[in-house]
Chemist: 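Dropping the structure in here first, questions after.
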Protein chains: 2
Amino acid sequence: MPDQLSQTFSALADPTRRAMLAHLSKGEANVSDLAKPFLKDMSLPAITKHLKVLEKAGLVTKTREAQWRPCKINSEGLKDVADWMEQYRMFWEESFDRLEAYLKTVTANDKKKGKKNAKKSK
Amino acid sequence: MPDQLSQTFSALADPTRRAMLAHLSKGEANVSDLAKPFLKDMSLPAITKHLKVLEKAGLVTKTREAQWRPCKINSEGLKDVADWMEQYRMFWEESFDRLEAYLKTVTANDKKKGKKNAKKSK
DNA sequence: TGGTTAATTAACTTATCGGTTAATTATGTG
DNA sequence: CACATAATTAACCGATAAGTTAATTAACCA
């Protein structure tokens, strides 16, 4: 049901999963390695589920090696997020001048088309 | 659930909310302006709820002007995401050389402990 | 005053999420 | 073989997310 990007954002909306990703940013790890920091707080099946979410989100790939499942970061998911973010760069880079200039051009267009936006009073 | 970054990612994990944000990237808009493209698919209260999610996530700020509620993008939330993303830049920028070099330094530590592929734990 | 527009709140339903325990599948080893 | 280790699957549960309809608040207008 959900599009890929939604799945990716959804996967990142959990501190445990982000921590697992941070762990993997240091290199490959198998499931029990990833689980270790969390086994005081949750069970191993919970970790398996989190990993599956990360996989489906395109953030992690899991392979097999005997009974182990080495995991590593999959850059695809991160790239999708980074690409989406790009369109908002001017907002989070506090370049106020460029932002105001940009918004001014948009507003100018609206005026031409006679759009009475949120501009009606004051 | 309670940490800010999770809330922000969670807010972005919905195509309707991302579309509303895209709309707001063109300038301020009232609730009904934002709702218009979606009123075939969902009710106005649904939009109100989506907006509230975006607000709590620090992605949108809503003010009052008579009976209207002009909304605009709040860069704080976007900045939080962008900052978090930074630590993974080397992955989604396919600079394979640097990535491999980096991972090699991390793996070198493991090799000292005799790890071939993250094989052991304990 | 009464009516219209903009938006929110309340109450409710349904589906999904994040976790659990118990059982199961693989693989390697004495 | 028996057994331990690594990880997954199954079945279940409570909380929350996303939507609905109906009612309500708030401001403007004639």
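Letters A, B, ... mirror the listed sequences (proteins, then strands); counts begin at 1. The analysis underlying the following values was restricted to heavy atoms, covering all of them including side chains, and did not include hydrogens, waters or symmetry mates.
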Chemist: For A:Glu76, enumerate each residue passing the salt bridge (Lys or Arg N to Asp or Glu O under 4.0 Å) test, keeping only those at least two apart in sequence or located in another chain.
Modeler: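 Counting only residues at least two positions away or on another chain, A:Glu76 forms no salt bridge (Lys or Arg N to Asp or Glu O under 4.0 Å).
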Chemist: For DNA chain C, find the residues of residues 44-51 of chain A with a heavy-atom distance under 4.0 Å and give them by number; none if there aren't any.
Modeler: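 Within residues 44-51 of chain A, the residues near DNA chain C are A:Pro45, A:Ala46, A:Lys49, A:His50.
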Chemist: With a 3.5 Å distance limit and no angle check, can you tell me whether A:Asn30 reaches the backbone of A:Asp33 through a side-chain donor-acceptor pair?
Modeler: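 Side chain of A:Asn30 to backbone of A:Asp33, a donor-acceptor pair under 3.5 Å: yes, one is there.
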Chemist: Looking at five pairs on each end of the helix from C:dT1-D:dA30 to C:dG30-D:dC1, what is the angle between the two axes, given to 10 degrees?
Modeler: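 Taking the rotation axis at each end, their angle is 0°.
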Chemist: In this structure, would A:Val53 and B:Phe9 fall into the same cluster of hydrophobic residues linked by side-chain contacts under 4.5 Å?
Modeler: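 The answer is no; the residues belong to distinct hydrophobic clusters.
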Chemist: Name the nucleic acid region contacted by B:Ser32, choosing base, sugar-phosphate or nothing; use a 4.0 angstrom heavy-atom cut-off, strictly under.
Modeler: sugar-phosphate
Chemist: Could you check how far CG of B:Asp41 sits from P of D:dG19, rounded to whole Å?
Modeler: 10 Å
Chemist: Is the distance from OP1 or OP2 of C:dT8 to the nearest side-chain N or O of B:Lys62 less than 4.0 Å?
Modeler: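 Checking B:Lys62 against C:dT8: at least one side-chain N or O falls below 4.0 Å of OP1 or OP2.
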Chemist: Using distance only, find each side-chain donor-acceptor pair of residues 15-23 of chain A under 3.5 Å and give its atom names and separation, not counting sequence neighbours.
Modeler:
residue: A:Arg17; atom: NE; partner: A:Ala11; partner atom: O; Å: 2.7
residue: A:Arg17; atom: NH1; partner: A:His50; partner atom: ND1; Å: 3.1
residue: A:Arg17; atom: NH2; partner: A:Ser10; partner atom: O; Å: 3.2
residue: A:Arg18; atom: NH1; partner: A:Leu12; partner atom: O; Å: 2.7
residue: A:Arg18; atom: NH1; partner: B:Ser6; partner atom: OG; Å: 3.0
residue: A:Arg18; atom: NH2; partner: B:Asp3; partner atom: OD2; Å: 2.8
residue: A:Arg18; atom: NH2; partner: B:Ser6; partner atom: OG; Å: 3.2

Chemist: Atom NZ of residue position B:Lys62 - does it have more than 12 heavy atoms of other residues, nucleotides or ligands inside 6.0 Å?
Modeler: yes
Chemist: Check B:Cys71 against B:Leu24 and note the closest heavy-atom contact, atom names and distance.
Modeler: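 B:Cys71 and B:Leu24 have their closest heavy atoms at O-CD2, 3.4 Å.
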Chemist: So which of A:Val81, A:Leu78, A:Asp80 actually passes side chain to side chain contact (heavy atoms under 4.5 Å, CB included) with B:Trp92?
Modeler: A:Leu78
Chemist: Base contacts versus sugar-phosphate-only contacts with protein, heavy atoms under 4.0 Å: please encode nucleotides 25-30 of chain C as B, S and - from 5' to 3'.
Modeler: -SBS--
Chemist: Quick one: does A:Asn74's side chain have a donor or acceptor within less than 3.5 Å of a partner on A:Thr61's backbone?
Modeler: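 Not a single qualifying donor-acceptor pair exists.
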Chemist: Tell me: CG of A:Leu54 to P of D:dT8, nearest whole Å?
Modeler: 12 Å
Chemist: I'd like to check the side-chain contact (heavy atoms from CB on, under 4.5 Å) partners of A:Lys56; sequence neighbours left out, ordered by chain and number.
Modeler: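 A:Gln7, A:Lys52.
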Chemist: Going from CD on A:Glu65 to CD on A:Glu28, what distance comes out if it is rounded to the nearest 0.5 angstrom?
Modeler: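 Between A:Glu65 CD and A:Glu28 CD, I get 8.0 Å after rounding to 0.5 Å.
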